[in-house]
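Below, chains carry the letters A, B, ... as their sequence lines are ordered, and counting in each starts from 1.
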Amino acid sequence: MEDKNNDILNEVTGSDYKYGFYTDIDMDQAPPGLTEDTVRFISAKKNEPEFMLEFRLKAFRYWQTMQEPEWAHLEYPPINYQDKIYYSAPRKKPKYESLDEVDPELLETFDKLGIPLDERKKLAGVAVDAVMDSVSVGSTFKKTLSEQGIIFCSFSEAVQKYPDLVKKYMGSVVPHTDNFFAALNSAVFSDGSFAYIPKGVKCPLELSTYFRINAANTGQFERTLIVAEEGSYVSYMEGCTAPIRDEHQLHAAIVEIVAHKDAEVKYSTVQNWWPGDKDGKGGVYNFVTKRGICEGENSKISWTQVETGSAITWKYPSLILKGDRSTGEFYSVAVTNKRQQADTGTKMIHLGKDTKSTIISKGISAGRSNNSYRGLVKTSRRAENARNFSQCDSLLLGDQSGAHTFPYIEVGNRSSIVEHEATTSKISEDQLFYCLQRGIDMEGAIGLIVNGYAKEVLSKLPMEFAVEAQKLLSVSLEGSVG
Amino acid sequence: MLKIKDLSVSVHGKIIIEGLNLEVNEGEVHAIMGPNGSGKSTLASVIAGRELFTVESGEITYLGQNLFDMPAEERAREGIFMGFQYPVEIPGVSIANFMRTALNEKRKHLGLEPLTGAEFLKLMEEKKKMVDIHSKLTNRAVNEGFSGGEKKKNEIFQMALLEPRLAILDETDSGLDIDALKVVANGVNKLKREDNATIVITHYQRLLDYIVPDFVHVLYDGRIIRSGPKELAMELEEKGYDWIKQEK
């Protein structure tokens with residue numbers, strides 16, 4: 001009997017499905033649950049070529065054999081992967097007609113962050129004026145890029161237009177077998193971005209302006225792929241300082257970066273997903289796999305991240321330094337408040353000779369939150385003269401928050417030098433009183449002190465975002481003391 | 001300007017100041033002297049609004065308002081400035097950024113427009129000249145890696161920028177060499193006006209060679225046990241605190 005059941009199951013899941021979902025292709029969202037049907041539905045919805053469906057199915061089958069990891073310093077109720085919705089069409093109609101209908105609290109936050117009016121509307125889901133035509137902004141932007149041969153488009157568009165590039169690089173840095181969430185993303189990813197910088201081209205624009213305007217509906221399973229050919233340069237900015245509320249609780253993104261010989265990629269991100277209410281209810285779970293490979297000699301990739309949102313953050317932007325004399329950098333500020341939990345850090349894998357890496361991590365914990373740095377520095381036998389410098393600082397606000405550091409170091413040859421420094425400090429009563437005595441109130445004082453503490457990392461962000469990120473840090477910590 | 005009546009203050013249940021009276025008027029410089037542990041710094045902190053201390057009884061009025069109704073930051077915005085004995089480091093925050101924030105908070109409180117970056121820089125240069133502070137200091141993070149002298153000069157520079165009505169300098173002279181002491185004293189003298197007042201808290205008479213007080217008060221065991229003209233400071237220096245203690 002059981003054999004027979006299995007046969008039916010195999011027939012249904014293993015072969016091209018002749019009935020059911022295909023007729024439902026006009027549905028705006030997939031029914032809850034995750035089966036091969038769901039994966040096929042997503043692929044069909046996006047009108048993907050065969051190789052994409054194969055990729056997704058392979059990932060899905062592998063995912064089914066995997067266990068959700070439990071090693072992170074995080075606590076959350078078990079996730080039921082079968083009651084989630086894995087595909088919903090991007091919202092076409094604006095939710096509101098004017099800003100007056102939007103939650104005043106959200107507007108107040110926009111105000112504090114100094115986000116321009118038009119962007120506020122876009123972010124809150126309000127109909128946008130004809131003047132602010134994001135399509136035309138986008139196309140001017142694209143024209144500048146295409147003149148240089150730069151490809152910058154959505155991942156779905158890349159699958160259709162540049163299938164060979166996608167086939168060549170997708171999964172080359174983060175294979176679907178990498179981890180539970182990477183496998184999940186590979187099976188069901190919704191959309192994301194694709195950037196390709198041809199040989200010798202220095203991208204003349206921060207790839208950010210466009211992104212900000214269009215960032216509102218990126219979906220819960222993003223996938224980003226950046227390829228920098230020999231001697232090229234690009235600075236890429238993802239995310240948004242504005243708080244993004246999302247009805248989807250589970251987010252699992254993948255970012256892959258490939259830097260060829262002499263290429264440089266600067267990747268900056270500001271993440272401010274909804275962290276939930278004061279008890280952490282309803283916040284986003286953010287499980288992200290970000291990895292870059294310095295494939296060629298003398299290449300360089302840097303990650304700069306400012307993490308202030310999400311109820312749960314599980315994220316380790318990592319680098320494989322394969323090319324000789326390649327350089328990897330990781331600069332991070334992670335803020336947790338209320339009941340937020342973050343387990344974040346990086347991995348620097350030194351494979352090439354004379355490779356260098358720098359890690360600067362600044363954790364800030366307030367409220368009843370928990371903030372962990374987890375990092376691995378590994379030098380292989382071949383990685384002669386590899387150098388790493390790591391600095392992991394933790395700042396505590398109040399006496400109910402936690403900061404943890406889990407550094408792992410594996411040195412594979414005698415000539416490599418790995419340095420690790422760590423500090424833990426508190427904002428002192430003396431510092432706060434000094435500010436108060438100069439007329440700066442408590443929240444202003446915390447904002448100043450925290451921004452000073454994080455300055456080393458914030459200064460790595462593109463200018464326009466550095467200013468916003470500073471405000472964001474202050475806003476994120478409001479009400480955390482006193 | 002400042003009236004302190006029957007003030008008693010404790011910290012962790014221990015009485016530090018007991019029945020203190022003091023009146024400071026506009027245009028006056030007062031020196032408060034006394035041995036270690038007599039309550040000098042506590043008095044400064046209570047006026048500035050530090051919550052560490054408990055006011056057991058008494059009252060303080062400042063420009064006719066009950067000081068205890070005002071939180072520390074509001075007292076600052078209303079013109080009370082404290083020069084700290086041990087100015088604290090705030091890593092990563094430049095003095096320029098710190099002071100622009102402070103000054104604009106004060107301006108907002110007074111209903112004035114905030115200064116733009118350019119306006120602030122111009123003002124900062126003026127004040128630096130006024131108090132003889134070389135230009136590099138203000139690019140550094142607040143007190144980070146400063147020598148003792150630099151920290152105290154920085155306090156005077158901040159005072160010049162904020163133009164307080166009432167400045168309380170808590171042992172600003174301690175640990176200073178003679179050159180730094182002169183910078184501090186000159187700053188205080190230049191900032192003196194008809195409508196402001198200064199309280200200089202000091203252990204030694206030395207500072208008073210450069211800042212001439214209108215009144216000298218001797219604080220001992222939490223009370224002002226003697227007040228007099230500037231000659232009192234000289235007498236105190238000559239005879240030592242034991243003289244006062246015995247008289248008491």
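- Top candidate by heavy-atom pairs under 4.5 Å with chain A, chosen from B:E51, B:E78, B:M82, is B:M82.
- The closest side-chain donor-acceptor pair between A:S390 and A:N388 falls under 3.5 angstrom.
- Under a cut-off of 6.0 angstrom, the local environment of NZ in B:K128 is crowded, with over 12 non-hydrogen atoms contributed by other residues, nucleotides or ligands.
- Under the 4.0 Å criterion applied to side-chain N and carboxylate O atoms, A:E329 and A:K266 are not assigned as salt-bridge partners.
- Ring-centre distance between A:Y434 and B:F98: below the 6.0 Å cut-off.
- Neither the backbone nor the side chain of A:E456 comes within contact range of chain B; no heavy atoms are under 4.5 Å apart.
- With respect to chain A, the highest number of heavy-atom pairs below 4.5 Å among B:E105, B:E74, B:E89, B:R77 belongs to B:R77.
- For the pair A:K347 and A:Y316, the cation does not sit on the ring face, since its NZ or CZ is not both under 6.0 Å from the ring centre and inside 45° of the axis.
- Heavy atoms closer than 4.5 Å to chain A are found in both the backbone and the side chain of B:R50.
- Ionic pairing of B:E113 and B:R107 is not present here: no N-O contact between side-chain nitrogen and carboxylate oxygen is shorter than 4.0 angstrom.
- Contacts of B:P87 with chain A are made by both backbone and side-chain atoms, with heavy-atom separations under 4.5 Å.
- At a 4.5 Å heavy-atom cutoff, the contact between B:L162 and chain A is made by side-chain atoms alone.
- Taking chain A as the reference chain and counting heavy-atom pairs below 4.5 Å, the highest number among B:A141, B:G49, B:A102 is found for B:A102.
- Contact annotation for residues 417-424 of chain A against chain B (heavy-atom separation below 4.5 Å): no residues qualify.
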message: Quick one, A:W303 with A:Y267, criterion ring pair (Phe, Tyr, Trp, His ring centres under 6.0 Å). Give me CA distance, side-chain angles, the key distance, then yes/no.
response: CA-CA 5 Å; A:W303 298 107; A:Y267 185 105; 4.9 Å; yes
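- The residues A:K290 and A:E238 are annotated as salt-bridged, a charged nitrogen and a carboxylate oxygen being separated by less than 4.0 angstrom.
- In this model, no donor atom of one side chain and acceptor atom of the other lie less than 3.5 Å apart for A:N337 and A:S369.
- With a 4.5 angstrom heavy-atom cutoff, B:Y86 does not touch chain A via any of its atoms.
- Centroid-to-centroid, the aromatic rings of A:F406 and A:Y373 stay 6.0 Å apart or farther.
- Heavy atoms of B:N104 lying under 4.5 Å from chain A are absent altogether.
- In this structure, the portion of B:L52 lying under 4.5 Å from any heavy atom of chain A is its side chain and not its backbone.
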task: Mind running salt bridge (Lys or Arg N to Asp or Glu O under 4.0 Å) on B:E26 and B:R193 for me, showing each step along the way?
output: CA-CA 8 Å; B:E26 292 178 343; B:R193 289 198 318 238; over 6 Å; no
